[in-house]
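Heads up: the structure comes next, in structure tokens.
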Amino acid sequence: PILYGYFRSSCSWRVRIALALKGISYDLVPVNLLKDGGQQFSAEFKAVNPMQQVPALKIDGITLSQSLAIINYLEDTRPNPRLLPQDPKKRAQVRMIADHIVSGIQPLQNVNVLKQMGEKKMEWAQNCIAFGFQALEQILQHTAGRYCVGDEVSMADLCLVPQVANAERFKVDMAPYPTITRINKDLLELEAFKVSHPSRQPDTPAELRA
């Protein structure tokens, strides 16, 4: 497999965690979202992903983009360890939490949107994340065990950790979100979350390395 990604992209990080959990080795092709006006806009990368976004994964003779589509494919083809619970209610909760983050929070504070916001980008990002986290905190109080849904790591957790990292980068006050904070702390102790961390990627700049 070949993963096209960027060390700091939260969408890329979700996929790196899934690959690590499932023990899938891959080659990385870094796509720097800031350099040269954004390498994702090159003709070469547009041929890989017409949406000009990371991640993209070449695997099993196909090229997939969109992090959840990639993770779902890995789940369908390499089911161990599973990232979706067998119980249909818990499975729905996992998908709901993942969608809250992937559709309701992250796109509002991604590189393209922040570019449009100019000087207000920090305030905008903080407001978008805080609004989403208020809802997420409430949901997790009903679904969480050790992790987002019960005591097994799921797709929801793969989305949570990179989003908390974004929140910290944009200096969001995490005090109102004790459940999110606790789950995030526990997940960061796991090896798959450590090896996939933005501070430990081949394309991480020296000053940001762990």
Any donor-acceptor N/O pair, [X] side chain to [Y] backbone, under 3.5 Å:
{"X": "Glu168", "Y": "Gln163", "answer": "no"}
{"X": "Gln106", "Y": "Ser10", "answer": "no"}
{"X": "Lys58", "Y": "Leu3", "answer": "no"}
{"X": "Asp99", "Y": "Ser103", "answer": "no"}
{"X": "Asp203", "Y": "Phe7", "answer": "yes"}
{"X": "Asp157", "Y": "Ser154", "answer": "yes"}
{"X": "Arg209", "Y": "Gln201", "answer": "yes"}
{"X": "Gln126", "Y": "Phe170", "answer": "yes"}
{"X": "Asp151", "Y": "Arg146", "answer": "yes"}

Please determine whether side chain to side chain contact (heavy atoms under 4.5 Å, CB included) holds for the pair Phe45 and Val29, giving the CA-CA distance in whole Å, both sets of side-chain angles, and the decisive distance to 0.1 Å. CA-CA 10 Å; Phe45 185 66; Val29 176; over 6 Å; no
Not counting sequence neighbours, which residues clear ring-ring contact (aromatic ring centres under 6.0 Å, His included) with Phe133? List them please. Tyr177
For His197, what residues pass the ring-ring contact (aromatic ring centres under 6.0 Å, His included) criterion, not counting sequence neighbours? Trp13
Indicate the atoms forming the closest heavy-atom contact of [X] with [Y], along with that distance.
{"X": "Arg200", "Y": "Ala210", "result": "CG-CB, 4.0 Å"}
{"X": "Leu33", "Y": "Ser9", "result": "CD1-CB, 4.5 Å"}
{"X": "Ser67", "Y": "Arg14", "result": "OG-NH1, 2.8 Å"}
{"X": "Pro178", "Y": "Ala175", "result": "CD-O, 3.8 Å"}
{"X": "Asn49", "Y": "Pro55", "result": "ND2-O, 4.5 Å"}
{"X": "Cys128", "Y": "Ile105", "result": "O-CG2, 4.3 Å"}

Is it possible for you to say whether [X] and [Y] belong to one hydrophobic cluster, with membership spreading through side-chain heavy-atom contacts below 4.5 Å?
{"X": "Leu84", "Y": "Phe193", "result": "yes"}
{"X": "Ile71", "Y": "Met51", "result": "no"}
{"X": "Val195", "Y": "Val153", "result": "no"}
{"X": "Ile70", "Y": "Tyr6", "result": "no"}
{"X": "Leu208", "Y": "Val161", "result": "no"}

Where at least one partner belongs to residues 109-138, residue pairs that pass salt bridge (charged side-chain N to carboxylate O under 4.0 Å, His left out), sequence neighbours excluded: none
Do [X] and [Y] have side chains that get closer than 4.5 Å, going by heavy atoms?
{"X": "Val164", "Y": "Met174", "result": "yes"}
{"X": "Leu108", "Y": "Asn127", "result": "no"}
{"X": "Val113", "Y": "Asn110", "result": "yes"}
{"X": "Arg169", "Y": "Arg8", "result": "yes"}
{"X": "Ile97", "Y": "Cys159", "result": "no"}
{"X": "Gln40", "Y": "Tyr4", "result": "no"}
{"X": "Leu68", "Y": "Arg95", "result": "no"}
{"X": "Arg16", "Y": "Pro198", "result": "yes"}

Test of understanding: with side-chain contact (heavy atoms from CB on, under 4.5 Å), list the residues that count as partners of Glu189, not counting sequence neighbours.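 Glu189 satisfies side-chain contact (heavy atoms from CB on, under 4.5 Å) with no other residue.
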From [X] atom [atom1] to [Y] atom [atom2], the distance as rounded to the nearest 0.5 Å:
{"X": "Lys171", "Y": "Ile129", "atom1": "NZ", "atom2": "CD1", "result": "12.0 Å"}
{"X": "Ile17", "Y": "Leu190", "atom1": "CD1", "atom2": "CG", "result": "10.0 Å"}
{"X": "Met96", "Y": "Cys148", "atom1": "CE", "atom2": "SG", "result": "10.5 Å"}
{"X": "Lys185", "Y": "Arg182", "atom1": "NZ", "atom2": "CZ", "result": "10.5 Å"}
{"X": "Ser196", "Y": "Leu158", "atom1": "OG", "atom2": "CG", "result": "8.0 Å"}
{"X": "Ile183", "Y": "Leu136", "atom1": "CD1", "atom2": "CG", "result": "8.0 Å"}

Tell me the side-chain hydrogen bond (donor to acceptor under 3.5 Å, both in side chains) pairs involving residues 76-88, sequence neighbours left out? Asp60-Arg78, Arg82-Gln86, Arg82-Glu152
Candidate pair Leu57 and Tyr73, rule side chain to side chain contact (heavy atoms under 4.5 Å, CB included), full reasoning: CA-CA 11 Å; Leu57 184 70; Tyr73 177 75; 5.9 Å; no
Taking atom [atom1] as the centre, does [X] end up with more than 12 heavy-atom neighbours from other residues, nucleotides or ligands that are less than 6.0 angstrom away?
{"X": "Lys90", "atom1": "NZ", "result": "no"}
{"X": "Gln134", "atom1": "CD", "result": "yes"}
{"X": "Phe41", "atom1": "CZ", "result": "yes"}
{"X": "Glu44", "atom1": "CD", "result": "no"}

Contacts of type salt bridge (Lys or Arg N to Asp or Glu O under 4.0 Å), residue Arg91, not counting sequence neighbours: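 By the salt bridge (Lys or Arg N to Asp or Glu O under 4.0 Å) rule, Arg91 matches no residue at all.
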Applying side chain to side chain contact (heavy atoms under 4.5 Å, CB included) to Val48 and Val31, what does each step give before you reach the verdict? CA-CA 11 Å; Val48 175; Val31 180; over 6 Å; no
Output, in order, the C-alpha distance, side-chain angles, deciding distance and verdict of side chain to side chain contact (heavy atoms under 4.5 Å, CB included) for Ile101 and Leu160. CA-CA 7 Å; Ile101 295 167; Leu160 182 84; 4.3 Å; yes
